[in-house]
Structure formats: structure tokens, C-alpha cells
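Below: one structure, written as C-alpha cells.
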Amino acid sequence: MSGLSTSPLQSLPHPLAIAAGVALYCKRDDLYAFDPASPLQGNKVRKLRPYLAAPEALRGRTIVSFGGAYSNHLAALSAAGRRFGFFTRFLVRGEPVSNPTLDYIRANGSDLRFVSRSDYRRKNDPEFLQALSVGPQDLVIPEGGGTAASLIHAGAPFSESVVQLGRVPDYFCLSAGTGCTAAGIVAAAEQCPAKIEVFPALRGDWMRGAIEAWMGRPIPANKLEVVKEFTFGGYGKFPGHWKLYTPPGCLAKRADVGMQDLPPLDPVYTAKLFVGVLERIRLGAYPRKSTVVVLHTGGIY
Ligand SMILES: *Cc1c(COP(=O)(O)O)cnc(C)c1O
């Protein structure tokens, strides 16, 4: 696919990692993008690759998808529509609102249909979609952008990291929403000794089951750890002072909260992940001399 090859792997010599004797790296998938600083980046591009591999085939068509009012997936897909010349119609969960994500999506020319939470649950019901003028000629992409065909692409950051490091990392850590990206990573790491740590951005005990459902097979207990202590109250919830972590907030103050030397983070996914990994380093969760790769899945920051 033109304009995309691999994302960089960056060493993160954070003071906590140095003190713990841990070799810490960041796989910068936020830089895996068609255009720098576009929301069409990170794991949303990886997941959409089955569709974007031949974008000429999409020209002039309508692509329908679903998400919440802060959906990185809808932002990415709206940018893809604009770039590759297809129309986008999105069912957005909840009351009509405005925020920077939706403003961006609107500016890309997407047709937004706000639907109540109860109607949103009917999003896979053909009759309901028909009522929203979704026709058989339209392409419907699931919430989050992940499909079974996405897994091989979603797992590529793991395989790329092995090549870039020249060895298999001991730990590979990433954030999760639907678990599609995590399933791709676990599948990519299945044949080697790396342990995968998944930090859900949502509360609940369902993440391991969701990842296994994506993969279609059970995962050995010691291959995957779901770290549930860093959801910070649930999806889209985070401490108010986190604006210090994320630009355009006060970057200079990142040192006060131990976020110096880190790439820009978004508060919904990657800030929770990095706070979690740094805290686990501090607590001694990773043995001395171990190699820990943290996947920066991207996001709007
Ligand atoms: C969407 C998103 C995720 C969640 O990915 P899933 O495949 O749904 O688990 C993680 N990080 C970022 C930055 C995202 O935008």
C-alpha cells in the first residue's frame, strides 16, 4: 500500500526503566500513517488495511460504519473517504453533539446520523439499516473497523518489532478496546516466547474472552495477561490532570508526572497504557534485563 511501510521502534530510556534494569521500547504505530498527524494512522489503519489495500475499488461508493462521539475509527475512516474518494455515512451513538473529533469527521464530508443508544444496538439489523438508507450496494464496516481479515495486519507491529530489535521481546504491551488489535498481536506472537500484556481501556472481565473470540481459539494462560488495574473508571474516563500528559496541554509539566521522554499520548487508550506499564516497572513486574516493548496504537492527541 503506497506511503506505508513499517513504523519505527524507539528506545525509551525512562528513569524508571533505567532504575529497574528494563530495556524499554516504544513501537510508534502512531507514526504509521498516510499523512503525518492525520487520524488515519495507528491501529485504525492496520485494521482497515483489508479495505484500503485496493482503494480504487472504493471510489464513489458509500461506506457505512458505527461508533461513539469520540471514535478514532470514524475519524480515520472519514479521512480515508476524503483521501480515496468514497462517501462515508456514520451511525453515531447518542444525542447529537459537537466535539473536535466530530468536527473533523464533518469537515471530511461524512454524513452523520445520531441514533439513540437503544437504536444503536440494532446496528446489525438489516431492516434498521434500510430505514437509514443503507442499501445493498453500500459497504458496511463494523464498529472499531476490525474484521477477521484485520488480524494479520493488526499483528504486524509485533513481527516488525522482532525484526527491528533483532530478538523476541520478553513482554509486548498494548491497549485494548474491542480486543481486535490484541488478538492480532497474540496470534503473531503465538510461536515465540514473548508474553503479551493487554491493558483494557474499559472496565469488565470480558477482554480475554473477546480476544479469544477474535482468534477463534483459546489462549494459553501464560501467553496473555489482561491487566485490569488501569482503566481509570472506564471508557473515556480519566483523571482531570491528565491534560498535563497530552499535548497541546502543558508538555513542560510532563516531567512532574513521570511522562518525560514519552511520545504524545491520548487519554482514552495510550495514556492509560503507559501509566500502567510505568507503574508496573516501578513495582518490579518485569525482571531485570528483560525487554519490554510498548505498542503506541496511535489515537488523537
Ligand atoms: C481504537 C484504538 C484502540 C483499541 O483497539 P481495539 O482493536 O479495538 O482493541 C487502542 N488504541 C488506540 C489509540 C485506538 O484508537
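Remember, it's 1-based here, ligands and their atoms both numbered in the order they're listed.
Counted by atom type alone, Ser7 and Lys27 present one or more donor-acceptor pairs between their side chains at under 3.5 Å. A donor-acceptor contact under 3.5 angstrom links the side chains of Glu197 and Tyr286, judged on distance only. In this structure, a donor-acceptor pair under 3.5 Å is absent between the side chains of Ser290 and Asp170.
Residue contact check: Lys44 has heavy atoms under 4.0 Å from atoms 1 (C), 2 (C), 3 (C), 14 (C), 15 (O) of ligand 1. Heavy-atom proximity to Cys180, at under 4.0 Å, picks out these atoms of ligand 1: 7 (O), 9 (O). Residue Gly298 approaches ligand 1 through these ligand atoms, each under 4.0 Å from one of its heavy atoms: 13 (C).
Note: Phe34 and Phe84 meet the aromatic proximity criterion, with ring centroids under 6.0 Å apart.
With a 4.0 Å cut-off on non-hydrogen atoms, Val268 does not touch ligand 1 at all. With a 4.0 Å heavy-atom cut-off, ligand 1 is reached by the side chain of Lys47 but not by its N, CA, C or O.
For ligand 1, the polar-atom distance check against Asn72 finds a nitrogen or oxygen pair separated by under 3.5 Å. Of the N or O atoms in Gly299, none lie within a sub-3.5 Å distance of an N or O in ligand 1. For ligand 1, the polar-atom distance check finds no N/O of Tyr269 at less than 3.5 Å from any of the ligand's N/O atoms. Considering backbone and side-chain N/O of Thr178, one or more are found under 3.5 Å from N/O of ligand 1. Residue-to-ligand polar distances place Thr297 within reach of ligand 1: an N/O pair is separated by less than 3.5 Å.
For atom 7 (O) of ligand 1, the closest non-hydrogen atom of the protein is Thr181 OG1, 2.7 Å. The shortest contact between atom 5 (O) of ligand 1 and any protein heavy atom is with Asn43 ND2, 2.9 Å. With hydrogens left out, the protein atom closest to atom 9 (O) of ligand 1 is Gly177 N, 2.7 Å, a heavy atom.
In this structure, the side chains of Asp111 and Phe87 stay at 4.5 Å or more apart for every pair of heavy atoms.
If you chain together hydrophobic residues whose side chains sit under 4.5 Å apart, Phe172 and Leu12 never meet in one group.
Within the 4.0 Å heavy-atom cutoff, Gly42 does not count among the residues contacting ligand 1.
A salt bridge (charged side-chain N to carboxylate O under 4.0 Å, His left out) with Glu143 holds for exactly one of Arg121, Arg93, Lys47; it is Arg93.
By the 4.0 Å N-to-carboxylate-O rule, Arg282 lies close enough to Glu279 to be salt-bridged with it.
Heavy-atom contacts from other residues, nucleotides or ligands closer than 6.0 Å to CD of Glu95 number 12 or fewer.
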